[in-house]
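Quick note on labels: first sequence line is chain A, next is B, and so on, each numbered from 1.
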Amino acid sequence: MLDPKLLRSDLELVARQLGRRGYTLDTAGLAALEEQRKEIQTRAQNLQAERNARAKAVGQAKAKGEDIAPLLAQSEALGAQLTQAEAELNALQSRIEHAHLQIPNIPDDSVPDGQSDADNVEVRRWGTPRQFDFPVRDHVALGEGFNPANAALDFERAAKLSGARFSVMRGQLARMHRALIQFMLDTHTGEHGYQEVYVPYLVGPQALRGTGQLPKFEEDLFKLRGERELYLIPTAEVPVTNLVTDEIVDAAQLPIRWACHTPCFRSEAGSHGRDIRGLIRQHQFEKVEMVQLVKPEDSMAALEELTGHAEKILQKLGLPYRVVALCAGDMGFSSCKTYDIEVWVPSQETYREISSCSNFRDFQARRMQARYKDAQMKKPELLHTLNGSGLAVGRTLVAILENYQNADGTVTVPEALRPWMGGLTCIG
RNA sequence: GGAGAGGUGGCAGAGUGGUCGAUUGCAUCGGUCUUGAAAACCGACGGCUCCGCGAGGGGCCCGUGAGUUCGAAUCUCACCCUCUCCGCCA
């Protein structure tokens, strides 16, 4: 959510900045709502003040033992007027709030112009894609080939259980999948200063509103049927960031860095036909997420740092990648600046997204009412939130299988991962 | 699932219809004292928001939402959450 004060005071500036996203702000509509609000709120509050004054007078009269009947008679008409005015005000305020919740974050000045992923700007590359002297197999062929009768990567069995976009893994492949999670978590906690957290995988709508998935993107989520309104998390960002909802954090505790492994569940509505084959786009996948809560002045530096933490995983695994600055039109709803990290996928001869690192500034914090304070500050202030994948586990597995494949269909285990694989050097 | 207790400011904990947004303690901040610190003493100290250039003046908030009342932290109802005991269970 943007600062309501800003939306009141400089609507045209906001509209211009949001225009870079390709978003059209309804300035006339918002201004009209605001004008009504002012009028009705003043009226309602005047009536409330009058009610309070009269109630107080009754109390004082009664204490002195005076007759209160005349005072009560005076107040008769007030009640209905007040009820009416309060109802109008409530209705209007919820309309305004609803409108504000639909507005995306303002892109940072450093974000490149552009409308789609074609306009994203490559920031740097690391590593050199390997030259193969044999026909390259994709990860599906490799995984299914490990043991054709009982494939290590088995989409058919998964489909039998759950339909398309699910997977079953077995044996050494399943172990590597698990090893990656441990490796990533251990790296972030051991070398990058993150604290590991464990969180619920089912959350209520208020948490999803806090990070910005609701109210606008409900169709991307899996929602449980039942009495309780619960959703499967689409990313650990939701439960982890929302840990500070309604809290005032002691400034001495900042920056807070949390790393968390969770499964992620996405309906992938609207991506029919894309990435049908393989592990790239699944309804359920594992991810290790990094979340940072920082002081406002530190958030841009923290974004660079956090992106570096994600890159470090790829460097240790020896996987070539590039970092891309998303253009204004390609960024997520809540973000003011995003770097995508894309890993080299040999079978597709292209870089594919494996991490997305974003600074949200105070956009999520305002929705969550997440603030911080130190002794010198008069009032608590909104903190800044950031997050990034570190990394998407399924896609990392894809990258390892394909980049480390051998001519005989086996896959070499990256050296950095071997301690988590019981020393295995090769699988398949 | 059954029975009971409870949700108040950063924390602890008073307050059961009326000048209560709330006594008090701890913590925090400023000051006095001190070579420095501690102790002691003095003072300050919730959040959100509206109108106003400002001085200042209002409104809302005692888990959440409805209700009763001239007036609700206090009464009624529903819901959420926490704790204790019993049952069940990984």
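- Screening A:Leu391, A:Ile341, A:Asn387, A:Asp340 for a side chain to side chain contact (heavy atoms under 4.5 Å, CB included) involving A:Ser356 leaves a single residue, A:Asp340.
- Across B:rC70, B:rU19, B:rC48, the shortest atom-to-atom separation from the side chain of A:Lys379 is found for B:rC48.
- Considering all non-hydrogen atoms of both residues, A:Pro4 and A:Arg366 come closest at CD-CD, 3.9 Å.
- Taking both residues in full, the closest heavy atoms of A:Asn105 and A:Leu18 are given as O-CD2, 3.5 Å, listed atom of the first, atom of the second, then distance.
- Ion pairing between a basic and an acidic side chain is recognised when a charged N comes within 4.0 Å of a carboxylate O; A:Lys373 and A:Asp250 show no such pairing.
- When both pairing distances are held under 3.5 Å, B:rU28 makes a Watson-Crick or G-U pair with B:rA44.
- Remark: B:rG54 base-pairs with no nucleotide in the shown strands. Criterion, Watson-Crick or G-U wobble with two distances under 3.5 Å.
- Nearest-nucleotide positions on RNA chain B for A:Lys373 and A:Gly59 put A:Gly59 closer to the 5' end.
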Any chance you could list the contact pattern along nucleotides 50-66 of chain B? Use B for base contacts, S for sugar-phosphate-only contacts and - for none, protein heavy atoms under 4.0 Å, 5' to 3'. SS------BSS------

Evaluate A:His309 against A:Tyr194 for ring pair (Phe, Tyr, Trp, His ring centres under 6.0 Å), listing each step before the verdict. CA-CA 10 Å; A:His309 294 154; A:Tyr194 289 76; 5.3 Å; yes

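- Classified by interplanar angle (parallel below 30°, tilted 30° to 60°, perpendicular above 60°), the ring pair A:His192/A:His188 is tilted.
- B:rG71 sits 26 Å from B:rG15 when the P atoms are compared, rounded to a whole Å.
- For B:rC83, the paired base is B:rG4 (Watson-Crick or G-U wobble, both distances below 3.5 Å).
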